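As structure tokens, the structure follows; a few thoughts come after it.
Sequence positions, counted from 1, serve as the residue numbers for this chain. Read the numbers this way: they start at 1 and go in the same order the structure lists the ligands and their atoms. Since the model is a prediction, treat every value here as computed from it, not as a measurement.
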Amino acid sequence: MVNLQLVTAPQERLMQLCPIGFIRTPYKEKFAIPRQPGLVAEARGEIHFQSPFDDINCFRGIENYSHLWLLFHFHQTQDRGWSPLVRPPRLGGNAKMGVFATRSTHRPNGIGMSVVKLQGLESREGKPVLIVSGMDLLDGTPLWDIKPYIPYADALPDATGGMAQDKPALMAVEFSQQASEQMAHLHKAHLHNLIAAVLAQDPRPAYKKQQNAEETYGMRLEDINVRWTVADNRALVMEITLA
Ligand code: SAH
């Protein structure tokens with residue numbers, strides 16, 4: 001465990017930021033959220049805005065873009081501070097890298113950035129709601145800003161990606177008969193693909209992957225609890241219950 005330290009910025013350099021809104025996502029706890037955007041396309045979310053950013057004029061033209069950049073606050077881990085060195089899960093949790101050489105959540109100012117797919121802009125009681133998918137954000141995450149994704153400038157196919165050059169390998173996922181029945185009984189069959197895509201990312205912490213012992217894990221997704229085991233590089237969903 002790296003020692004994290006709380007750093008206070010000199011008063012005269014402090015800036016104030018105000019969230020423009022908050023995102024609602026299926027991810028109700030940090031565990032099992034995909035580690036980058038775009039890995040679980042099945043996850044859909046909604047962005048709700050607060051005054052004065054809930055003016056529909058702020059969104060004119062946004063539907064011409066297929067993807068958006070979300071700049072957000074890692075609000076749930078912010079009070080743990082940051083450290084110059086972090087242990088990226090990609091490297092098995094052992095090797096240390098500089099905080100600015102990683103996408104760690106523990107960083108100065110706690111700013112996150114994710115490209116998400118724009119599914120649509122709705123007006124609800126006169127207020128704008130953006131529907132997005134593929135995000136890696138916790139439910140309730142505050143957003144600092146939104147910008148359109150510009151392919152010619154933002155997509156760089158020749159770029160080198162350090163330790164994260166390729167997408168992580170996917171794990172096979174199966175549902176036990178009990179889990180399938182519970183899902184049908186609870187009218188949650190529509191969550192099948194989301195659960196499968198999240199588990200295919202193998203959310204286990206690096207040290208558990210190394211131990212490779214058969215163990216049961218749990219996550220909360222939408223309003224259900226999912227329990228699964230991992231054995232022989234394969235996830236088996238055991239139980240689906242209401243949260
Ligand atoms: N695209 C991101 C990747 C960050 S790591 C970026 O570079 O900014 C992604 C992880 O952030 C997720 O797996 C989840 O565990 C964590 N996370 C998502 N929302 C969070 C929040 N509001 N507070 C703290 N951690 C969060």
May I ask you to list the atoms of ligand 1 that are less than 4.0 angstrom from any heavy atom of [X]?
X: R103; answer: 1 (N), 4 (C), 5 (S), 6 (C), 7 (O)
X: M113; answer: 1 (N), 2 (C), 6 (C), 7 (O), 8 (O)
X: T141; answer: 19 (N), 21 (C), 22 (N)
X: S114; answer: 1 (N), 2 (C)
X: H75; answer: 21 (C), 22 (N), 23 (N)
X: Q36; answer: 1 (N), 2 (C), 3 (C)
X: P37; answer: 1 (N)
X: L137; answer: 18 (C), 19 (N)

State whether the shortest distance between N or O atoms of [X] and N or O atoms of ligand 1 falls below 3.5 angstrom.
X: T105; value: no
X: L138; value: yes
X: G112; value: no

Can you figure out which of T77, T25, T102, L71 has its heavy atom closest to atom 24 (C) of ligand 1?
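Checking each option, the heavy atom nearest atom 24 (C) of ligand 1 is found in T77.
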
Do any heavy atoms of H73 fall under 4.0 Å from ligand 1?
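Checking ligand 1 against H73, which is what was asked, there is a heavy-atom contact under 4.0 Å.
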
Test your reading of the model: is there a side-chain donor-acceptor pair from D139 to the backbone of T25, 3.5 Å cut-off?
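Checking the backbone N and O of T25 against the side chain of D139, a donor-acceptor pair under 3.5 Å is found.
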
Below 3.5 Å, can you tabulate the donor-acceptor pairs from side chains in residues 36-46 to any protein atom, sequence neighbours excluded?
unit_1: Q36; atom_1: OE1; unit_2: R103; atom_2: NH1; d: 3.3
unit_1: E46; atom_1: OE1; unit_2: H48; atom_2: NE2; d: 2.9
unit_1: E46; atom_1: OE1; unit_2: R124; atom_2: NH1; d: 3.1
unit_1: E46; atom_1: OE2; unit_2: R124; atom_2: NH2; d: 2.8

Between D223 and K28, is the salt bridge (Lys or Arg N to Asp or Glu O under 4.0 Å) condition met? List the steps.
CA-CA 8 Å; D223 58 348; K28 308 299 177 191; over 6 Å; no

Just say parallel, tilted or perpendicular for the rings of W228 and F31, cut-offs at 30° and 60°.
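Parallel: the ring planes of W228 and F31 meet at under 30°.
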
